[in-house]
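For the single chain, residues carry numbers from 1 onward in sequence order. Read the numbers this way: they start at 1 and go in the same order the structure lists the ligands and their atoms.
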Amino acid sequence: MHIVNARLRQRSELFELKIDNGVFTAIETQTGPIEASADQLDAGGKLACAPFIEPHIHLDAALTAGEPAWNESGTLFEGIERWGERKPMLSEADIRQRVIKTLNLLIGNGVQFVRTHADTSDPSLVGLKTLCALRDEFKDKIDIQVVAFPQDGLLSYPGGDRLMEEALEIGADAVGGIPHFEYTRELGVASMKRVIELAMKYDRLVDVHCDEIDDPNSRFLEVLACEALFNDLGARVTASHTVAMHSYDNAYCSKLFRLLKQSNINFIACPTESIHLQGRFDTYPKRRGVTRVKELDAAGINVCFAEDSIFDPWYSLGNGKLLRTLDFGLHICQMMGYKDFSKALSLVTDNSARTLNIEDRYGIEVGKPASFNLLEGEDDYSVLRNQGDVLLSVRHGETIMQREPAKIVTPPWIG
Ligand code: FE2
């Protein structure tokens with residue numbers, strides 16, 4: 001494959017991209033636009049960007065909203081309750097068909113890497129087993145990491161610790177946790193220490209649903225970051241949500257940030273999900289309930305955006321379009337300056353790659369797998385503004401998705 005007239009992020013020139021055996025073999029600047037030959041692909045000045053990454057989603061629950069009942073209150077806790085009613089209906093066939101549908105939605109929107117959580121508060125572990133099987137089955141089409149996620153508590157759910165070990169023995173890629181949902185603060189702290197212990201025992205990544213509550217006293221993030229620091233695991237550890245940080249007082253946050261920086265852990269914010277689920281116990285003013293993305297980013301701490309849900313008991317919208325999540329996230333986090341827009345795509349690409357520990361095989365660089373999207377725009381800013389669909393998605397040098405750009409047939413133009 002040979003692409004001409006492509007733009008790259010943070011560069012103003014046009015580029016030629018040469019691909020052989022699924023790998024970028026040359027990336028060369030052009031002096032101006034080139035007439036593409038029959039065997040070349042003309043990018044037309046559009047942005048070639050590393051694939052989108054969905055770093056936090058619950059594929060086992062996707063497409064189950066309203067089954068058997070809707071989450072009417074819109075709270076996280078009613079979501080857990082509704083999911084608890086859906087869980088007994090889970091089967092391998094049910095999960096497979098919903099996950100495949102959702103993966104196709106993601107692939108159609110330029111996503112080539114996914115980190116999914118799999119609920120392990122289930123003695124059958126059917127969700128985790130099915131997701132691990134699908135991960136292996138579709139590895140040529142999409143990269144999937146499976147997090148063993150103890151939805152009802154690692155230590156509070158009967159047998160939760162044993163189920164977590166079983167999940168890791170089956171092959172989960174990461175250990176999860178939910179300290180704010182454990183029965184007591186003490187159990188929450190103990191669960192964080194246990195998560196790190198298990199990650200070291202099985203040599204796995206860590207991704208914790210951490211402090212997903214508007215309670216300013218929910219402070220398990222400091223425990224997780226401290227354990228990561230003391231065990232030198234930082235880059236392999238992720239704190240998802242951390243929405244309580246929105247409600248921490250600034251003096252505590254100032255102290256906390258010192259630890260967060262030293263620990264080198266990653267953060268995932270889910271702006272659409274969190275602004276929907278959080279602030280539900282407030283009257284007015286209502287908190288936005290999203291972690292301090294702008295401040296984390298400014299402090300040099302790695303943070304990325306995720307959708308979290310697609311039509312499930314916690315969030316009954318969602319469509320696999322990370323540009324939508326990015327648009328919402330920048331608004332909600334008040335990251336609306338020119339500099340923010342100019343590097344916005346990092347929040348759904350490069351930063352997410354760092355979180356997933358896949359930087360060695362991600363990005364448009366000679367020697368790396370030739371995987372990229374062609375986007376509607378010439379730079380981060382215009383792609384964000386256009387909110388266009390992904391035009392082309394190439395994986396390891398093979399086209400896996402291509403679409404015609406939408407166009408108005410009868411122009412309503414005036415003047
Ligand atoms: Fe989640």
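With sequence neighbours excluded, the residues forming a salt bridge (charged side-chain N to carboxylate O under 4.0 Å, His left out) with Glu13 are Arg11, listed by chain and number. Applying the salt bridge (charged side-chain N to carboxylate O under 4.0 Å, His left out) test to Asp42 and every residue at least two apart in sequence or in another chain returns nothing.
At a threshold of 2.8 Å, the Fe ion (ligand 1) has a backbone or side-chain N, O or S atom of Asp308 nearer than that distance. The Fe ion (ligand 1) has no N, O or S atom of His117 under 2.8 Å away, backbone or side chain. At a cut-off of 2.8 Å, His58 is counted among the residues with an N, O or S atom near the Fe ion (ligand 1).
With respect to Tyr362, the ring-ring contact (aromatic ring centres under 6.0 Å, His included) criterion is satisfied by exactly one of Phe372, Phe52, Phe113, Phe24: Phe113.
Within the 4.5 Å cutoff, side-chain heavy atoms of Arg96 are placed close to those of Glu92.
Between His56 atom NE2 and His209 atom NE2, the angle centred on the Fe ion (ligand 1) amounts to 90° (nearest 10°).
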